[in-house]
Amino acid sequence: MTAAPACWLCGGEGALRYERCFDFEYFIQADASFYGCCDCGFVYMHPLPTREELPELYPSNYRNFDTPENALSAFLVDRFHAHHVSACLRLLPKGGRFLEVGSAGGDVLARLRDRGVSRTQGVEISADGVEAARARGLDVFHGTLEEFETDEPFDLVLMSHVIEHVIDPIATAKKVHSLLAPGGVFYVETPNVGSLDARLWRQDWGLIHYPRHLCLFDRASLRLLLERSGFEVTRMSWEINSCGWALSLQSALRRIGFDRSRQPRSFYYPLLLAATLPLNLVDIVFGGTAFMSALARKGTAG
């Protein structure tokens with residue numbers, strides 16, 4: 001039997017956490033399992049895809065940069081972006097410089113611009129996303145964060161549901177730290193593998209998003225990642241979102257053959273989101289919702 005790989009984050013002993021995962025969203029074939037660190041709680045995929053293999057995990061229909069046609073889905077997406085904009089406006093100093101990593105079609109960047117934030121920058125790996133954002137007159141770099149360089153530091157960096165997709169989250173967090181001005185803030189969101197729905201659904205949890213999520217965090221391991229990257233964590237919180245429950249239920253219906261759709265989201269998915277929203281109250285009692293966020297500050301000494 002092959003020994004479990006050591007934890008990427010702390011070097012601790014790993015144990016098999018999830019196996020026999022299947023992609024019920026995009027039906028991409030992969031052969032990997034997830035291991036959990038016995039010391040820090042970090043969950044990580046093994047074996048990892050190579051950088052050359054990563055694009056194969058993201059089909060052409062992976063990200064739709066148009067507003068959803070379904071009214072409920074469009075409303076929920078709008079609220080998701082509005083939440084980010086509201087938080088960023090509170091965190092960004094007047095005249096400050098803002099960077100969004102994984103800016104997609106530029107919805108957050110455009111809304112901030114409309115609210116008077118003139119110094120904005122995006123980083124996006126998808127050519128379609130970059131094209132959509134640039135068509136709106138936004139400044140977006142096409143490539144990975146590791147490839148992005150600038151001489152002007154940022155006051156706020158937003159990374160919403162990106163850190164779990166990267167091969168080396170420690171290097172990514174350290175890169176963000178290097179891009180921030182002294183006292184700058186890193187605002188990061190990621191799925192919470194310690195949530196009730198994650199514990200109940202296990203390898204069938206929708207937010208494993210297999211095989212595109214390469215690592216998963218709970219509250220403790222996210223804090224550890226940020227602190228080991230040079231940040232002071234100033235706040236950790238939960239976000240109200242029922243995506244984990246809804247995706248898990250959709251996958252379950254597909255697993256038993258009730259839903260034979262090959263689309264990422266079936267027509268009933270928005271109804272699942274609405275129906276499972278009250279479960280967020282239960283999630284909070286049992287350790288937090290499936291969406292968590294953290295604010296981390298770079299020291300004023302740099």
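Along the sequence shown, residues carry numbers from 1.
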Indicate the atoms forming the closest heavy-atom contact of [X] with [Y], along with that distance.
| X | Y | answer |
| --- | --- | --- |
| Cys7 | Cys40 | SG-SG, 3.7 Å |
| Ala296 | Leu226 | CB-CD1, 4.1 Å |
| Ser33 | Leu16 | CB-CD1, 3.8 Å |
| Arg219 | Asn192 | N-OD1, 4.2 Å |
| Ser261 | Phe27 | O-CZ, 3.7 Å |
| Ala246 | Leu272 | O-CD1, 3.6 Å |

Determine whether a donor-acceptor pair (N or O, by modelled atom type, separation under 3.5 Å) exists between the side chain of [X] and the backbone of [Y].
| X | Y | answer |
| --- | --- | --- |
| Ser126 | Gly129 | yes |
| Thr276 | Leu279 | no |
| Lys175 | Glu147 | no |
| Arg228 | Leu9 | yes |
| Asp23 | Ile28 | yes |
| Arg235 | Ser293 | no |
| Tyr44 | Pro5 | yes |
| Tyr62 | Leu57 | no |
| Asp283 | Ser195 | no |
| Arg134 | Val140 | yes |

Flag if over 12 foreign heavy atoms under 6.0 Å of [atom1], [X]:
| X | atom1 | answer |
| --- | --- | --- |
| Glu131 | CD | no |
| Glu13 | CD | no |
| Ile125 | CD1 | no |
| Asp114 | CG | yes |

Nearest 0.5 Å, please: how far is [atom2] in [Y] from [atom1] in [X]?
| X | Y | atom1 | atom2 | answer |
| --- | --- | --- | --- | --- |
| Thr289 | Leu277 | OG1 | CG | 10.5 Å |
| Thr144 | Arg51 | OG1 | CZ | 6.5 Å |
| Leu295 | Glu232 | CG | CD | 11.5 Å |
| Ser103 | Gln121 | OG | CD | 8.5 Å |
| Cys215 | Leu225 | SG | CG | 8.0 Å |
| Arg20 | Asp204 | CZ | CG | 10.0 Å |

I'd like to know if [X] and [Y] make a salt bridge, using a cut-off of under 4.0 Å between side-chain N and carboxylate O.
| X | Y | answer |
| --- | --- | --- |
| Arg119 | Glu152 | yes |
| Arg265 | Glu25 | yes |
| Arg113 | Asp139 | no |
| Asp259 | Arg254 | yes |

For Arg111, which residues count as a salt bridge (charged side-chain N to carboxylate O under 4.0 Å, His left out) partner, sequence neighbours excluded?
Asp78

Can you find a heavy atom in the side chain of [X] that is under 4.5 Å from one in the side chain of [Y]?
| X | Y | answer |
| --- | --- | --- |
| Leu89 | Phe98 | no |
| Leu92 | Leu112 | no |
| Glu124 | Phe141 | no |
| Glu239 | Met292 | no |
| Thr190 | Leu222 | yes |
| Pro191 | Glu164 | yes |
| His84 | Tyr187 | yes |
| Leu179 | Thr150 | yes |

For residues [X] and [Y], establish whether the separation of their ring centroids is below 6.0 Å.
| X | Y | result |
| --- | --- | --- |
| Phe42 | Phe217 | yes |
| His177 | Phe186 | no |
| His209 | Phe22 | no |
| Phe291 | Trp238 | no |

Determine whether Leu247 and Leu273 fall in the same hydrophobic cluster, where Ile, Leu, Val, Met, Phe, Trp and Tyr are linked whenever their side-chain heavy atoms lie under 4.5 Å apart.
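Yes, Leu247 connects to Leu273 through the hydrophobic network.
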
Is it true that Phe258 and Trp245 fall in one hydrophobic cluster, defined by side-chain heavy atoms closer than 4.5 Å?
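Result: yes, single cluster for both.
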
Let me know which of Leu158, Thr120, Val176, Val157 forms a side-chain contact (heavy atoms from CB on, under 4.5 Å) with Leu99.
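One option only clears the test, and that one is Val157.
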
Between Phe286 and Arg199, is there a cation-pi geometry (under 6.0 Å to ring centre, at most 45° from the normal)?
no

Assess Arg17 against Tyr35: is NZ or CZ under 6.0 Å from the centre of the six-membered ring, and within 45 degrees of the ring's axis?
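So Arg17 doesn't make the cation-pi contact.
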
